[in-house]
2 protein chains.
Amino acid sequence: MAGSTAERILDVAHKLIADRGYAAFSYADIASEVKVSKATIHHHFPLKEDLVVAVLRRHRQRLGEGLAQMDGAASDPFDRLTYYMKYWEACIQKKTEPICIAALLGAELPSLPADVATEVRFHFADLHRWLQQTLELGEKQKSIRLTQATSREADLLMATVHGAMISARAYQSSAVFSQIVDATLQRLSPAAVSA
Amino acid sequence: MAGSTAERILDVAHKLIADRGYAAFSYADIASEVKVSKATIHHHFPLKEDLVVAVLRRHRQRLGEGLAQMDGAASDPFDRLTYYMKYWEACIQKKTEPICIAALLGAELPSLPADVATEVRFHFADLHRWLQQTLELGEKQKSIRLTQATSREADLLMATVHGAMISARAYQSSAVFSQIVDATLQRLSPAAVSA
DNA sequence: CCTATATTACCGACTAGTTGGTAGACATGC
DNA sequence: GCATGTCTACCAACTAGTCGGTAATATAGG
């Protein structure tokens, strides 16, 4: 029950979006869970688009903060990537955030309202930027081994993680995700060329 | 206008699912496009679940036929994988089938009716089986280079392709998909170890 | 060949319930 | 007084799904 009503609405909305995507959750669902009336939700977020955009903005801001924090905590770019992936591994395992909502909404993109779609694309751009920068630094410092241009490697990495989230859903197990993360990190590690 | 009414319904349903996922398309959408009444669709597919299960079954059957055909046409497992990926690349580029509906529905899994979810998981299992068999054969014949057990490599491959489909949506360009496919094939190729 | 009987495919009109969204009233606190 | 937050009550539009009925097409049996 922590946080303001608006924040609790965002929390539940985030959870429901992660579960069902855009179309399959309703204001009524949120209302019953947050224990406020539907009208209250409309007071804070007049349109469904507004609500989902707000959820995505918060998600994107948190991502930005998290990545910045990671950049501060770990000097080695390889470690940064490791932390990023292990963070998601923990989320999926503990089911606190079983999938990245931007990945889910990315799949549904053609049917999303324009401003929601824009916000989803911002997330992809943000994540791509961080991944590319991290890979580039790692390549310079020789702590990451690449075979493609950093931009392409960033795309490959992002796709792998998103796909792994979906597979974890399909298999109803976080093990696939862990294995894919481990294999990916091993591929990027300069140490173990053939172990 | 080719095919029976039931087939045309399945065609449009498949297209709409690929666009919007499960919840965001309606019988009315199909009715207006196929130019039959809603009641007609219910006549052929009583429940929405039935319709989507039928779409998935047909999709899975076509996949099976396509893979079997590929196994017959190409003796080299590496070529088979190449054909598989290039097939999707063409679909995405020409927008004939902009995404694998099983991947999209995989992301929406927690909110799907049980029998639809089961059918989605069948698709994952089928594809995994074929990938693993192909990788295993390729490893034996030394036409494919792996660093993990074939089952894990199959999971990695599937996740990469699915994630690449979502990225293509987000970037509104098939280029990302092509690049990811090329990088992946290069990684699996035994020839160019470092080019 | 010619009825009688199913079966299939289709439709307009309907139902019960849900959807996102609105209007207006009532608190609470600055 | 006025802004903020919340509520009940409401709405039009849409949802999946049903109903009763019609036309056409088989499939019989005599």
Side-chain angles (χ1 to χ4, degrees), chain A residues 1-56 58 101 104-105 108 110-120, chain B residues 1-17 19-56 58 101 105 108 110-117 119:
Chain A
M1 287 288 178
S4 66
T5 302
E7 274 168 347
R8 276 182 293 142
I9 291 169
L10 288 175
D11 290 342
V12 172
H14 189 125
K15 201 190 75 181
L16 288 173
I17 294 168
D19 238 47
R20 317 181 187 174
Y22 184 87
F25 84 93
S26 75
Y27 272 42
D29 296 327
I30 301 176
S32 79
E33 198 153 342
V34 182
K35 266 137 197 158
V36 290
S37 69
K38 268 193 341 169
T40 299
I41 307 174
H42 279 287
H43 169 71
H44 292 282
F45 310 97
L47 308 181
K48 195 180 186 184
E49 306 182 30
D50 301 332
L51 171 59
V52 178
V53 165
V55 169
L56 280 167
R58 194 181 63 158
I101 55 170
L104 207 181
L105 295 177
E108 294 177 340
S111 67
L112 299 181
D115 41 358
V116 176
T118 300
E119 212 62 39
V120 170
Chain B
M1 289 289 175
S4 67
T5 302
E7 273 168 348
R8 276 182 294 143
I9 291 170
L10 289 175
D11 289 343
V12 172
H14 189 126
K15 201 190 76 182
L16 288 173
I17 294 168
D19 239 47
R20 315 179 187 177
Y22 183 87
F25 83 93
S26 75
Y27 272 42
D29 295 328
I30 301 176
S32 80
E33 198 154 341
V34 182
K35 265 138 198 158
V36 291
S37 71
K38 266 192 347 166
T40 299
I41 306 175
H42 278 288
H43 167 72
H44 290 283
F45 309 97
L47 308 180
K48 196 180 184 182
E49 307 181 31
D50 301 331
L51 171 59
V52 178
V53 165
V55 169
L56 280 167
R58 194 182 60 157
I101 55 170
L105 295 178
E108 295 178 339
S111 66
L112 299 180
D115 41 359
V116 176
E119 211 62 42

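Within every chain, numbering begins at 1; the chains are lettered A, B, ... in the order of the sequence lines, protein sequences first and strands thereafter. Since we're looking at a predicted model, the values are computed, not measured.
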Participant: Among residues 12-30 of chain A, which residues get a heavy atom nearer than 4.0 Å to DNA chain D?
Facilitator: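 Here the set is empty: none.
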Participant: Does any N or O in the side chain of A:Tyr27 come within less than 3.5 Å of the main-chain N or O of A:Leu47, such that one atom is a donor and the other an acceptor?
Facilitator: yes
Participant: Taking NE2 from A:His42 and C1' from D:dC10, how many angstroms apart are they, rounded to a whole number?
Facilitator: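 Result: 13 Å.
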Participant: Using the side chain to side chain contact (heavy atoms under 4.5 Å, CB included) rule, pick out the option among A:Glu119, A:Lys48, A:Arg58 that qualifies with A:Val53.
Facilitator: A:Glu119
Participant: Could A:Glu33 and A:Arg8 be called an ion pair, given the rule that one side-chain N must be under 4.0 Å from one carboxylate O?
Facilitator: no
Participant: At what distance, to the nearest 0.5 angstrom, does CD1 of A:Ile30 lie from OG1 of A:Thr40?
Facilitator: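 Here the interatomic distance stands at 12.0 Å.
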Participant: Nearest 0.5 Å, what's the NZ-OG distance between B:Lys38 and B:Ser26?
Facilitator: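 So the gap between those two atoms works out to 8.0 Å.
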Participant: Using five pairs at either end of the helix from C:dC1-D:dG30 to C:dC30-D:dG1, determine the angle between the two local helix axes and round it to 10 degrees.
Facilitator: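 Rounded value for the end-axis angle: 10°.
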Participant: Has the side chain of B:Glu108 got a donor or acceptor atom that lies under 3.5 Å from a matching backbone atom of B:Tyr22?
Facilitator: yes
Participant: So which heavy atom on A:Leu51 is nearest to which on A:Leu10, and how close?
Facilitator: CD1-CD2, 4.0 Å
Participant: What is the distance from atom CZ of A:Arg20 to atom CG of B:Leu112, rounded to the nearest 0.5 Å?
Facilitator: 11.5 Å
Participant: If you round to the nearest 0.5 Å, how far is CD1 of A:Ile101 from NZ of A:Lys15?
Facilitator: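 Reported value, rounded in 0.5 Å steps: 14.0 Å.
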Participant: Return a single string for nucleotides 6-11 of chain C, one symbol per nucleotide in 5' to 3' order, where B is base contact, S is sugar-phosphate-only contact and - is none, cutoff 4.0 angstrom on heavy atoms.
Facilitator: ---BBB
Participant: Send over the distance from A:Leu47 CG to C:dT19 P, rounded to a whole Å.
Facilitator: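 In whole Å, C:dT19 P and A:Leu47 CG are 17 Å from each other.
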Participant: About how many Å separate NE2 of A:His44 and CG of A:Asp50, when rounded to the nearest 0.5 Å?
Facilitator: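 That separation rounds to 13.5 Å.
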